[in-house]
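Inspection log for the structure reproduced underneath, given as structure tokens.
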Amino acid sequence: MLEDKKKLADSNAFITQRKNRRMMDSFEKSKNRLFFLALITGIIIVTAIYFSLDISRIYSVSVINNHYLDKSEILSLSGIGKDDRYLLTLSSTVENRIKGNPFIKDCKVRHLDGNVIQIAVEEKKVIGYYNTTDGGYYILDDDSRVLMDSDNIHIISSVPCITGFTEEDITLMIKNLVNCDYSIINEISEIHNYPDLKYQNVELIMRDGNYIFTSMYGLDILNHYFDIESSYLSSEESCYYFEDISGNAYTSACPWNVPPEEETPADETATDTAADTTA
């Protein structure tokens with residue numbers, strides 16, 4: 001009988017111990033759950049307070065490396081507003097928006113200290129433009145064409161007008177002008193085909209009034225234009241000539257100032273003889 005009572009007491013103690021352990025475990029779980037909820041609630045409150053303050057807003061947006069598109073145009077492409085939050089502005093989203101423009105080759109967006117967003121763009125180089133019955137088109141360095149419109153018409157003042165060339169000529173021209181600096185291309189007003197000259201049939205009219213004659217393969221000499229101009233004085237009667245093989249540059253009489261070659265006596269005799277034979 002005593003043994004049965006002892007076993008019953010031990011069993012009750014074990015059950016009580018298990019209940020107490022379960023209660024402790026439940027309490028610990030509840031405590032952890034409450035702590036986690038409190039932490040999440042605190043984060044939400046702090047975040048809400050932060051984003052309600054001006055310190056969460058973008059302080060300024062910096063645009064660098066742009067040549068053709070104005071800062072205002074790139075900001076418009078980015079979709080960034082004055083009230084946007086610094087931490088909520090995703091770089092990848094802004095980059096994809098800007099790269100949708102046909103003049104943009106690449107774009108990198110960085111978050112800088114002081115709530116500053118930096119947009120670094122790499123533009124395609126605009127070689128020039130030409131006009132058709134359908135309108136004007138810009139020629140880009142990847143041989144693509146972009147129709148002129150009210151949004152990009154201002155670029156026309158920074159690139160030359162190209163006339164008189166075939167599509168094959170233009171493709172070759174791009175290959176030889178693509179390495180020219182932006183400042184050089186900006187210095188060219190017009191590029192014409194000049195068939196009167198056999199080997200230097202590309203005529204370039206510079207914005208400073210100078211004329212240059214070269215071949216398609218001599219266009220890369222333009223990178224030295226400012227040095228050449230300061231070394232060789234020109235006048236209204238003289239033009240610059242670039243030789244593609246030697247890489248030399250010199251000044252000489254412009255093609256329209258060169259008098260036509262006079263007939264030699266032998267030519268005159270041949271003409272007279274032909275006339276006599278006909279008679």
Side-chain angles (χ1 to χ4, degrees), residues 39-162 170-171 174-175 177-188:
L39 179 63
I40 295 298
T41 303
I43 292 174
I44 292 174
I45 293 173
V46 170
T47 302
I49 294 174
Y50 170 76
F51 283 115
S52 68
L53 301 175
D54 288 339
I55 59 172
S56 67
R57 291 184 172 90
I58 296 173
Y59 177 73
S60 67
V61 181
S62 169
V63 178
I64 61 174
N65 301 335
N66 56 309
H67 295 278
Y68 304 115
L69 302 182
D70 295 334
K71 177 181 177 180
S72 58
E73 294 177 82
I74 296 174
L75 288 177
S76 177
L77 291 171
S78 72
I80 298 176
K82 62 179 181 179
D83 293 327
D84 285 356
R85 268 44 183 182
Y86 175 77
L87 294 179
L88 296 181
T89 302
L90 301 179
S91 298
S92 58
T93 301
V94 177
E95 290 169 358
N96 289 332
R97 289 172 183 165
I98 296 175
K99 285 190 287 189
N101 185 278
F103 290 98
I104 299 297
K105 183 177 182 179
D106 198 8
C107 175
K108 296 295 181 184
V109 175
R110 297 175 58 200
H111 289 65
L112 304 181
D113 294 339
N115 286 27
V116 175
I117 301 292
Q118 183 190 76
I119 301 175
V121 297
E122 181 183 356
E123 296 174 324
K124 296 176 183 178
K125 188 171 291 184
V126 183
I127 302 301
Y129 71 93
Y130 63 90
N131 294 304
T132 69
T133 54
D134 299 326
Y137 288 86
Y138 292 110
I139 304 171
L140 307 188
D141 58 10
D142 60 355
D143 209 3
S144 62
R145 308 291 190 269
V146 177
L147 180 66
M148 287 184 190
D149 56 30
S150 57
D151 293 330
N152 60 40
I153 190 65
H154 63 278
I155 300 177
I156 197 173
S157 62
S158 303
V159 295
C161 177
I162 300 174
I170 290 177
T171 298
I174 292 171
K175 291 180 179 179
L177 279 179
V178 70
N179 293 322
C180 287
D181 189 77
Y182 289 97
S183 61
I184 294 295
I185 294 179
N186 185 45
E187 191 66 20
I188 306 171

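Just so you know, residue 1 is the first one in the sequence shown, and it goes up from there. Source: prediction; values computed, not measured.
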Are the side chains of [Y] and [X] in contact, using a 4.5 Å heavy-atom criterion?
X	Y	answer
V126	L140	yes
Y130	C161	no
I117	H111	yes

Of the non-hydrogen atoms in [X] and [Y], which two are nearest, and what is the gap between them?
X	Y	result
N152	D149	OD1-N, 2.9 Å
C107	I98	SG-CD1, 3.7 Å
L69	E123	N-OE2, 3.0 Å
K99	D106	CD-OD1, 3.7 Å
Y138	I155	OH-CB, 3.6 Å
E95	V109	OE2-N, 2.9 Å

Exercise. With no hydrogens and no angle check, is any side-chain donor or acceptor of N115 less than 3.5 Å from a backbone partner on R57?
Worked result: yes
Problem set entry | Short side-chain to backbone donor-acceptor contact, D141 and K125, under 3.5 Å | yes
For this session: Give a yes or no on whether Y182 atom OH has more than 12 heavy-atom contacts from other residues, nucleotides or ligands under 6.0 Å away.
Result: yes
Problem set entry | N-O pairing of R145 and D143 below 4.0 Å | yes
Exercise. Can you list every side-chain hydrogen bond (donor to acceptor under 3.5 Å, both in side chains) pair that touches residues 67-80, not counting sequence neighbours?
Worked result: E73-H154
